[in-house]
Amino acid sequence: MGKPTPPAYTPGAGGSADADPDALSLHTPTGGVSDPAFPLDLDAPDLGTDDLPPLYSDIDNDAGSGAPLLPPGTQFGQSADLAPKKVDQNTGVEIFVASVFEADPKLLEKQINISAAKPPRPFVCIHGTHRQMVEENGKKTEKAVTDFEVCVELTPYLFSDVATQLSWRETRTVENNEKTCRGTVFRKRAPGYKQDIEVGTGPKPTLSEWCHRYCASHAAVKCLVLRRRVVGFDEEKLRSQLDALVRSTNYRGSVCITFPVKDEYVFIYNDCWINRWRHTNWIRWIFYLTFLWIFSWPFLYFLTKTFEVVTADWDFSRPQENGRLAYVSMSEDHIYNTWARAISRAVLGKRQTCLDHNDLVASHTDGPDVVADVMDAVNAPSFVRRGVTAIAHVNRQLGWGSDWS
């Protein structure tokens, strides 16, 4: 059997390319493609140096412009006067412990809307390993060895225009027939509803109603959960494309392709000593080291009343009336087209890193130093130029260069 061939490009059913090649709009472009291995938009116009997208360090940070990915007056999904008690550096989970939210349902609703406006941060991670025999303490054992670990952030593709915050985001509450925690310990449906059979009457509660229910709850320990979801993204399609791409490099090891999401959850706890203790690091370590967590974990699980009733859906694609999909920015095929060369180079280079826009530009040029010699990028495809610009804006607002775990 021969090596698998990376998939050829199939045009998506998205919008058209923006007229300005340096625009932040990422609508799926149309056009012919001729390279079966790394298909590109070969109809891109020749541009001068001034027409190229700005690099990360060149993006203008106007004082009055605010953060393009977040509502004016906010930063990282937080209100101007209240920051989370804790933010997990690995997962991006935000934890609030504040009494003001349980006393004012309108303030709680406002905070939820602010947090929902911050996008989730989806990644695609490609991990290659092989097993080899190593000698430890005079004994030979089999050990997994990492050959490469390459990640690409997909957050820019949740926006049709990063500068104007255009996206297909929708904040919704759970349906009555959905099984979830409704101020309870265990998941359940709304009263009168059983699976898809609707016995109860009346519309589902709105976000405002759930906020009032949370504030009115007499539970000693309670938590409201907001989940940010990426909807309409075909993980299996991109996984098969990337697996074929890696195999085309003649890699013989094991390939694992995952799609982790950072900044996915926001937990809002009421202010009580139990919730303060459970999120205080030194107290947590005492429980870990003394094995008291064996008793405290079930105690906290059954004591906490949870409201998992709000979701911020960030649509990557939506079905149209004709049965085809419309994309908010790029289709899975275009994302593959954009990053295939950069990923292939990183795999062959045995890198363990999260690729950025410099890797993307470098992969579509012949120059060894793209940052220093921007003239080499004038022939980059149009969708690559738009992707580079959007990535740089996302990096500036949400941060970059942190450790990946």
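Note: hydrogens, waters and symmetry copies are ignored here, and every other heavy atom, side chains too, is used.
- Using modelled atom types and a 3.5 Å distance limit, the side chains of Ser240 and Glu236 yield no donor-acceptor pair.
- Between the side chain of Arg182 and the backbone N or O of Lys188, at least one donor-acceptor pair lies under 3.5 Å.
- Side-chain contact of Asn281 with Arg284: a donor-acceptor pair under 3.5 Å is absent, judged by distance alone.
- A cation-pi arrangement, defined by a distance under 6.0 Å to the six-membered ring centre and an angle within 45 degrees of its axis, is present between Arg213 and Trp210.
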side-chain contact (heavy atoms from CB on, under 4.5 Å) between Ser344 and Thr249, intermediate numbers included: CA-CA 7 Å; Ser344 181; Thr249 65; 3.9 Å; yes

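- Rounded to the nearest 0.5 angstrom, Thr280 OG1 and Lys85 NZ are separated by 4.5 Å.
- Using bins of under 30°, 30° to 60° and over 60° for the plane-to-plane angle, the ring pair Trp297/Tyr301 lands in the parallel bin.
- Taking a cutoff of 4.0 Å between a charged side-chain nitrogen and a carboxylate oxygen, Arg187 and Glu308 qualify as a salt bridge.
- A 6.0 Å sphere centred on CZ of Phe299 holds no more than 12 heavy atoms belonging to other residues, nucleotides or ligands.
- The distance between the ring centers of Phe295 and Phe287 does not fall below 6.0 angstrom.
- Considering Trp314, Trp168, Phe316 in turn, Trp314 is the only one that fulfils the ring pair (Phe, Tyr, Trp, His ring centres under 6.0 Å) rule with Phe159.
- Using a 4.0 Å cut-off between a side-chain N of Lys or Arg and a carboxylate O of Asp or Glu, Lys350 and Asp147 do not qualify as a salt bridge.
- Residues Arg189 and Asn176 approach most closely at CB-O, 3.7 Å, considering heavy atoms.
- Side-chain contact check for His334 and Glu332: no donor-acceptor pair (N or O, by modelled atom type) lies under 3.5 Å.
- Residues Asp263 and Arg228 approach most closely at O-NH1, 2.6 Å, considering heavy atoms.
- When all heavy atoms are compared, the tightest approach of Pro122 to Val230 is CG-CG2, 4.0 Å.
- Side-chain N/O atoms of Thr91 and Arg121 include no donor and acceptor closer than 3.5 Å.
- The aromatic rings of Trp273 and Trp277 sit perpendicular to each other, their planes meeting at more than 60°, with 30° as the lower class boundary.
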Candidate pair Lys118 and Glu264, rule salt bridge (charged side-chain N to carboxylate O under 4.0 Å, His left out), full reasoning: CA-CA 10 Å; Lys118 177 183 176 181; Glu264 186 176 10; over 6 Å; no

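- Side-chain polar atoms of His127 and Thr146 form a donor-acceptor pair below 3.5 angstrom.
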Val152 vs Ile343, side-chain contact (heavy atoms from CB on, under 4.5 Å): CA-CA, chis, key distance, verdict: CA-CA 9 Å; Val152 174; Ile343 292 173; 4.2 Å; yes

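- Judged purely by distance below 3.5 Å, without hydrogens or angles, the side chains of Glu153 and Thr155 pair a donor atom with an acceptor atom.
- Here Arg169 does not pair with Asp315 in a salt bridge; the nearest charged N to carboxylate O distance is not below 4.0 Å.
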